[in-house]
Q: 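What follows is a structure written as structure tokens; I'll ask about it next.
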Amino acid sequence: MSEEKSLNFIEEIVAADLAAGKHKSILTRFPPEPNGYLHIGHAKSICLNFGLAQKFNGATNLRFDDTNPEKEETEYVESIKADVQWLGFNWVKECYASDYFDQLYAFALELIDKGLAYVDDSTAEEIAQQKGTPTVPGTGNDYRNRSVEENRTLFEAMKAGKYKDGEKVLRAKIDLANPNMHMRDPLLYRIKTAHHHRTGDKWCIYPMYDFAHGQSDSIENITHSVCTLEFIPHRALYDWCIEQLGIFPSKQYEFARLNMTYTVMSKRKLLQLVQEGHVQSWDDPRMPTISGMRRRGYTPESIRDFCDRIGIAKRENIIDFSLLEFCVREHLNKIALRRMVVANPIKLVITNYEQAEEVLHSENNPEDENGGARAVPFSKELWIEREDFMEEPTKKYFRLGPGLSVRLKSAYIVTCDSFDKDADGNITTVYVTYHPNSKSGSDTSGIHVKGTLHWVSAKHAVKVTLKEYDRLFNVEDLNTAEGDFKDYINPNSLNTVEAYAEPSLVNDHSDARFQFLRKGYFYRDPASTSNNLVFNRTVTLKDAWAKEQKK
RNA sequence: UGCCCGAUAGUAUAAUGGUAGUACGACUGUUUUUGGUGCAGUUUGUCUUGGUUCGAAUCCAGGUCGGGCAACCA
């Protein structure tokens with residue numbers, strides 16, 4: 001029996017509602033606007049909404065909040081569906097607010113008939129002015145006193161396309177002095193002569209968020225409508241509409257959105273990064289988008305685990321990026337195939353190795369007993385990392401240097417005899433002798449070494465490209481950093497290097513997760529071809545040596 | 001200075017009137033044919049002032065601090 005994890009406050013509400021018999025079962029929804037790609041913040045919401053349904057035996061709708069045709073596109077609809085599915089969730093119904101346009105229009109007429117809505121001819125500026133300020137009550141205008149008949153005629157004419165954009169709006173008639181600004185006769189419908197991605201040119205009036213979202217929830221019989229904190233002041237209006245219309249009482253609950261260190265979490269800013277070329281696309285592996293993270297090599301499991309660990313609450317928060325990294329590492333460590341790749345090579349010559357070559361075997365994953373092994377060719381000349389040799393080794397350095405010995409992973413122990421330098425003083429070749437009785441798995445040499453190096457046989461090496469990513473921004477908290485967020489873009493967020501890889505990589509599955517030994521976790525980029533393999537670095541390995549060096 | 005929301009280690013998040021715990025991070029040590037992994041340990045916290053109570057992170061009141069609200073966006 002595992003320990004029961006305590007419920008978050010929304011789960012508690014659901015549990016209480018169910019226990020009280022308020023609902024027989026629950027129905028949640030994930031309601032993205034198709035005006036951009038989903039990011040890790042949306043993943044939090046997706047995991048919450050779908051997770052609630054899973055936990056309490058309910059279901060979840062996917063609903064596109066597509067009430068603003070000027071910003072929404074089918075491309076975004078498709079990417080959102082793909083991302084939700086990739087994360088591992090299934091919706092019971094695929095819905096669109098635009099499916100309810102007729103119903104919403106009928107609701108509007110109903111409010112008009114009840115004297116609860118009116119057509120206003122004021123300009124946007126006038127309306128804003130008449131709304132007052134948070135501390136000063138709004139003032140009305142004469143349009144507010146139009147008769148039901150006149151409002152009805154006018155609103156029908158709006159729908160019929162008799163007016164230009166912005167000429168008239170439909171407003172709720174609530175309370176211009178309400179301390180909640182959202183209750184000061186909010187706009188319900190506006191005229192927009194725009195082509196809608198689903199309804200085409202059928203409509204020229206479109207409902208506002210506040211007149212679409214709650215009713216959509218209600219139409220679908222959503223029991224728990226979960227959204228982020230900024231919608232708290234909208235809740236009064238949400239409830240008002242449902243009450244006046246006398247429809248299914250969906251309830252809204254709010255939680256704090258996700259913020260993360262070293263990145264931005266706004267569609268507007270992400271769009272800007274794409275449009276201005278700071279990154280290459282929405283699915284650039286540096287982006288915090290679901291598609292970017294997928295391309296970078298994050299697994300759905302690790303993202304779900306992350307969402308599980310960050311919790312749900314109402315206080316503002318900023319999550320350490322290192323927690324996300326921890327989650328991927330933890331999963332990848334269990335599933336990634338180990339391979340050897342040398343990125344910044346120097347030649348290693350084994351002077352006493354007389355064979356042409358031999359085939360060694362190395363485990364695919366030491367965490368997985370049944371993971372098997374792959375063949376790795378070994379020969380007299382190898383590539384090793386430049387940083388694995390030091391001409392004058394420091395005390396705690398236990399790699400190669402004059403007179404020092406190391407283990408070559410899954411091969412032999414070698415001892416350094418000498419090295420060559422070029423005219424600039426750069427090491428070009430390191431000469432070692434190997435100990436034939438130290439072969440991995442049958443070591444009788446009795447020699448103990450501290451360091452183990454990865455290597456690639458020079459004549460068998462395959463050239464590959466490594467994309468090493470670093471954080472996109474230089475400051476932890478972009479929300480409190482002064483000035484333009486783009487001033488903090490990390491100019492070194494992408495480092496492309498050519499590397500030598502062991503040949504097995506050519507035949508490995510394109511969707512495999514790799515750990516390049518001592519370097520990090522990597523995932524093949526979709527732009528790869530068989531003669532030009534490109535790997536994205538998902539995350540580095542923890543590096544105790546790097547920390548030691550900083551001291 | 002109208003209304004609303006919030007405040008527990010560096011960062012998150014539990015404790016639902018009864019021992020302030022967990023995770024990540026940081027730091028030690030240990031294991032290791034990855035300076036990875038694993039394992040063991042250390043470190044740091046209830047915004048403040050009163051009140052209620054045998055007992056308060058929790059309930060009440062005042063204060064402080066942070067955030068939100070005045071798009072024909074969602």
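The shown structure was predicted, so the numbers you read here are calculated from the model rather than taken from an experiment. By convention in this document, chain letters (A, B, ...) are assigned in the order of the sequence lines, proteins followed by strands, and residues within each chain are numbered from 1.
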Q: With distance as the sole test, does A/R184 use its side chain to make a donor-acceptor pair with the main-chain N or O of A/N178 at under 3.5 Å?
A: yes
Q: Which nucleotide in the set B/A15, B/C72, B/G35 lies at the smallest distance from any side-chain heavy atom of A/D543?
A: B/G35
Q: Which string of ( ) [ ] | and . matches RNA chain B, if you list each base 5' to 3' and count Watson-Crick or G-U pairs only when both distances are under 3.5 Å?
A: .((((((..((((....[..)))).(((((.......)))))....(((((..]....))))))))))).....
Q: So A/R407, base contact, sugar-phosphate only, or nothing? Heavy-atom distance under 4.0 Å.
A: base
Q: With a non-hydrogen cut-off below 4.0 angstrom, is A/S322 in contact with a base, only sugar-phosphate, or nothing?
A: sugar-phosphate
Q: I want to know whether A/F321 and A/Y262 have ring centres closer than 6.0 Å.
A: no
Q: What's A/L187 touching, base or sugar-phosphate or nothing? Going by heavy atoms closer than 4.0 Å.
A: base
Q: Please measure how far the P atom in B/C73 lies from the corresponding atom in B/G67, and state the result in whole Å.
A: 27 Å
Q: Looking at B/A74, B/U1, B/G36, which one has an atom nearest to any side-chain atom of A/F231?
A: B/A74
Q: Using atom P of each nucleotide, how far apart are B/G62 and B/C5 to the nearest Å?
A: 14 Å
Q: Any base atoms under 4.0 Å from A/Y397, or only sugar-phosphate, or nothing? Heavy atoms, all strands.
A: base
Q: If I pick the C1' atom on B/C24 and the same atom on B/G45, what distance separates them, to the nearest angstrom?
A: 16 Å
Q: For every nucleotide of nucleotides 62-68 of chain B, 5' to 3': is a protein heavy atom under 4.0 Å from its base (B), only from its sugar-phosphate (S), or from neither (-)?
A: -----S-
Q: In whole angstrom, give me the gap between the P atoms of B/G21 and B/A15.
A: 14 Å
Q: Is A/R190 close enough to B/A74 that one of its side-chain N or O atoms is under 4.0 Å from OP1 or OP2 there?
A: yes
Q: Indicate yes or no: does A/D99 engage A/R198 in a salt bridge with an N to O separation below 4.0 Å.
A: yes
Q: By nearest atom, which of the nucleotides B/C24, B/G2, B/G36 is closest to the A/D320 side chain?
A: B/C24
Q: When all nucleic acid strands are considered with a 4.0 Å heavy-atom cut-off, which category describes A/S122: base, sugar-phosphate, or nothing?
A: base
Q: Give one of base, sugar-phosphate or nothing for A/H213, where a contact means two heavy atoms less than 4.0 Å apart.
A: nothing
Q: Using a cut-off of less than 4.0 Å, is there contact between a side-chain N or O of A/R339 and OP1 or OP2 of B/U34?
A: no
Q: Strictly below 4.0 Å: does A/R315 bring a side-chain N or O up to OP1 or OP2 of B/U8?
A: yes
Q: Taking the P atom in each of B/U22 and B/A14, what is the distance between them to the nearest angstrom?
A: 15 Å
Q: Please determine whether a side-chain nitrogen or oxygen atom of A/T67 lies at a distance below 4.0 Å from atom OP1 or OP2 of B/A74.
A: yes
Q: Taking the side chain as everything from C-beta on, heavy atoms only, tell me whether A/I413 gets closer than 4.5 Å to A/V406.
A: no
Q: Would you check if A/N68 and A/Y206 make a side-chain contact, meaning some heavy-atom pair closer than 4.5 Å?
A: no
Q: Is A/Q515 touching bases, backbone alone, or none of the nucleic acid, heavy atoms closer than 4.0 Å?
A: base
Q: What nucleotide among B/G35, B/C5, B/U13 has an atom nearest to a side-chain atom of A/K314?
A: B/C5
Q: Just checking A/G138: base, sugar-phosphate only, or nothing, at a heavy-atom cut-off of under 4.0 Å?
A: nothing
Q: Would you measure the distance from the P atom in B/C47 across to the matching atom in B/A9 and give it in whole Å?
A: 7 Å
Q: Can you identify which nucleotide, out of B/C24, B/G35, B/A14, has its nearest atom closest to the A/L323 side chain?
A: B/C24
Q: Looking at every strand, decide which applies to A/P366 at a 4.0 Å heavy-atom threshold: base, sugar-phosphate, or nothing.
A: base
Q: Can you check whether A/K267 has a side-chain N or O nearer than 4.0 Å to OP1 or OP2 of B/C73?
A: no
Q: From the options B/A74, B/C73, B/A12, select the nucleotide whose nearest atom is closest to the side chain of A/I310.
A: B/A12
Q: Does the ring centre of A/F101 sit less than 6.0 Å away from the ring centre of A/H196?
A: yes
Q: Any side-chain heavy atom of A/Y100 sitting closer than 4.5 Å to one from A/Q215?
A: no
Q: Answer yes or no: does a side-chain N or O of A/K192 lie under 4.0 Å from OP1 or OP2 of B/C73?
A: yes
Q: A/R338 near the nucleic acid: base, sugar-phosphate alone, or nothing, with a heavy-atom cut-off under 4.0 Å?
A: base
Q: For nucleotides B/A56 and B/G50, find the distance between their C1' atoms and express it as a whole number of Å.
A: 13 Å
Q: Within the structure, does a side-chain N or O atom of A/K519 lie under 4.0 Å from either OP1 or OP2 of B/G36?
A: no
Q: Of all the nucleotides listed (B/C24, B/A70, B/A12), which has the minimum atom distance to the side chain of A/T133?
A: B/A70
Q: Tell me, please, which residues at least two apart from A/Y189 pass ring pair (Phe, Tyr, Trp, His ring centres under 6.0 Å).
A: A/F155, A/F211
Q: Please give the distance between the P atoms of B/U13 and B/C3 as a whole number of Å.
A: 28 Å
Q: With salt bridge (Lys or Arg N to Asp or Glu O under 4.0 Å) as the test, pick out the partner of A/D388 among A/K519, A/R399, A/R407.
A: A/R399
Q: For A/R329, answer base if it contacts any base atom (sugar-phosphate contacts may also be present), sugar-phosphate if it contacts only those atoms, and nothing otherwise; contact means non-hydrogen atoms under 4.0 Å.
A: nothing
Q: Only counting residues at least two apart or in another chain, list the ones meeting ring pair (Phe, Tyr, Trp, His ring centres under 6.0 Å) with A/Y209.
A: A/H213, A/F231, A/H234
Q: Nearest to the A/D65 side chain among B/G25, B/C69, B/A74, which nucleotide is it?
A: B/A74
Q: With sugar-phosphate meaning primed atoms plus P, OP1 and OP2, does A/Y189 contact a base, only sugar-phosphate, or nothing at under 4.0 Å between heavy atoms?
A: nothing
Q: For A/W545 and B/G35, are the ring centres under 5.5 Å apart with planes inclined under 30°?
A: yes
Q: What is the distance, rounded to the nearest whole Å, between atom CH2 of A/W455 and atom C1' of B/U33?
A: 13 Å
Q: Does a side-chain heavy-atom distance below 4.5 Å link A/R146 with A/D121?
A: yes
Q: Relative to the 5' end of RNA chain B, which residue comes earlier, A/N317 or A/R518, by the nucleotide with the nearest heavy atom?
A: A/N317
Q: Looking at the side chain of A/M208, which of B/A70, B/A26, B/A74 is the nearest nucleotide?
A: B/A74
Q: Assign A/A124 to base, sugar-phosphate, or nothing according to its heavy-atom contacts below 4.0 angstrom with the strands shown.
A: base
Q: Please state how far atom CG in A/L337 lies from atom P in B/U37, giving the value in whole angstrom units.
A: 18 Å
Q: How does protein reach along nucleotides 38-48 of chain B, written 5' to 3' as B (base within reach of a heavy atom under 4.0 Å), S (only sugar-phosphate), or - (no contact)?
A: -----------
Q: Are A/F535 and A/F514 close enough that their ring centres sit under 6.0 Å apart?
A: yes
Q: Between A/W203 and A/K192, is there a side-chain heavy-atom distance shorter than 4.5 Å?
A: no
Q: Set out, in order, the CA-CA distance, both residues' side-chain angles and the distance that settles side chain to side chain contact (heavy atoms under 4.5 Å, CB included) for A/I319 and A/N317, then state yes or no.
A: CA-CA 6 Å; A/I319 307 287; A/N317 61 81; 3.9 Å; yes
Q: Using ring pair (Phe, Tyr, Trp, His ring centres under 6.0 Å) as the criterion, list what pairs up with A/Y434, not counting sequence neighbours.
A: A/Y353, A/Y412
Q: Which one, B/C69, B/G36, B/A14, comes nearest to the side chain of A/L541?
A: B/G36
Q: Which residue is it: A/R339, A/E502, A/R518, A/R338? I am looking for the one with a side chain to side chain donor-acceptor pair (under 3.5 Å) to A/H454.
A: A/R518
